[in-house]
Amino acid sequence: EWIGEAPDVPGPWFGGLAFDAERDRGPEWAGFGDARWLLPRVAIAERSGRHFLLAFTRQAEESAARRELDSVLETAGARRVEGDVGETTRFFAPRQERDGWDALLEQALERIRSGAIQKVVLARRMRAVIPRAVQVERLVDSLAARHPSCAIFAIAGADGGWFVGATPETLLRLEGSTVSVDALAGTLAVDQLAPGDKELREHAFVVEAAKC
């Protein structure tokens with residue numbers, strides 16, 4: 001229940017599901033499980049040029065809830081974030097993972113050529129060595145500045161890890177009886193200025209899947 005003014009914002013629960021709960025996702029995902037949902041202590045929301053600083057509590061009694069919320073909001077309003085990621089970040093992929101990636105890519109191309117599949121999305125891990133501890137708040141601020149039209153997220157795992165990113169897509173939005181899906185597909189080459197037949201076909205697959 002909202003004690004004060006209720007802004008029209010998503011939540012207050014934030015989280016997500018594993019893409020495929022049946023597959024081994026590797027040790028870096030150990031703290032997230034098949035699904036992880038969080039009730040934040042504090043959230044910031046913006047609607048029509050207005051900004052809201054929101055606090056949440058599990059207290060059921062209103063006077064106790066107000067005392068806790070006031071304390072959380074006071075602390076959040078005074079918080080300052082300091083530190084930096086550092087100047088040098090080295091990205092790499094282990095050789096055996098790259099070999100496996102190349103093999104999967106060839107298999108996918110062969111199946112497309114044979115007509116067994118029309119489209120496949122492949123993904124692989126890249127690892128980074130960063131010279132100092134990452135300030136998650138600064139990373140989020142940087143993503144928001146670089147990608148103002150994207151949805152920025154940062155979710156803490158139970159083991160101290162973080163899942164941070166920026167996505168241009170909205171998987172699903174429900175407003176009353178209207179369901180909206182904002183899904184993108186079609187990868188252009190570096191020097192390609194407009195989508196061609198391949199990109200239009202790739203996007204058409206997503207449109208048809210969304211209709212289902």
What are the two closest heavy atoms between [X] and [Y], and how far apart are they?
X: L188; Y: P195; result: CD2-N, 4.1 Å
X: I155; Y: G15; result: CD1-CA, 4.0 Å
X: A154; Y: V136; result: CB-CG1, 4.3 Å

Determine whether [X] and [Y] make a side-chain contact, defined as any pair of heavy atoms from C-beta on separated by less than 4.5 Å.
X: L38; Y: R36; answer: yes
X: L17; Y: D34; answer: no
X: R201; Y: K198; answer: yes
X: E61; Y: R66; answer: no

[atom2] on [Y] to [atom1] on [X], rounded to 0.5 Å:
X: F32; Y: F163; atom1: CZ; atom2: CZ; result: 7.5 Å
X: R41; Y: L54; atom1: CZ; atom2: CG; result: 14.0 Å
X: F205; Y: I117; atom1: CZ; atom2: CD1; result: 10.0 Å
X: L105; Y: E110; atom1: CG; atom2: CD; result: 12.0 Å
X: I112; Y: Q107; atom1: CD1; atom2: CD; result: 12.0 Å

Indicate every side-chain donor-acceptor pair of residues 176-186 with a distance under 3.5 Å to a residue at least two apart or in another chain.
none

Worksheet entry | Partners passing side chain to side chain donor-acceptor pair (under 3.5 Å) against K119 (at least two apart in sequence or in another chain) |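 K119 satisfies side chain to side chain donor-acceptor pair (under 3.5 Å) with no other residue.
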Do side-chain atoms of [X] reach the backbone of [Y] as a donor and acceptor pair under 3.5 angstrom?
X: S142; Y: L139; value: no
X: Q192; Y: A194; value: yes
X: E74; Y: S71; value: no

Item to complete: List the steps and the verdict of salt bridge (charged side-chain N to carboxylate O under 4.0 Å, His left out) for R111 and E106.
Response: CA-CA 9 Å; R111 295 192 67 184; E106 286 301 321; over 6 Å; no
Item to complete: Scan side-chain atoms only and decide if Q118 and E202 contain a donor-acceptor pair under the 3.5 Å cut-off.
Response: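 No - no donor-acceptor pair under 3.5 Å links their side chains.
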Worksheet item: Around R113, counting heavy atoms of other residues, nucleotides and ligands shown, do more than 12 lie under 6.0 Å from its CZ?
Response: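 Yes - once you tally the heavy atoms of other residues, nucleotides and ligands closer than 6.0 Å, there are more than 12.
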Practice prompt. Please identify each residue that fulfils side-chain contact (heavy atoms from CB on, under 4.5 Å) with I152, with sequence neighbours left out.
Written response: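 Applying side-chain contact (heavy atoms from CB on, under 4.5 Å) to I152 gives V140, L143, A144, C150, A166.
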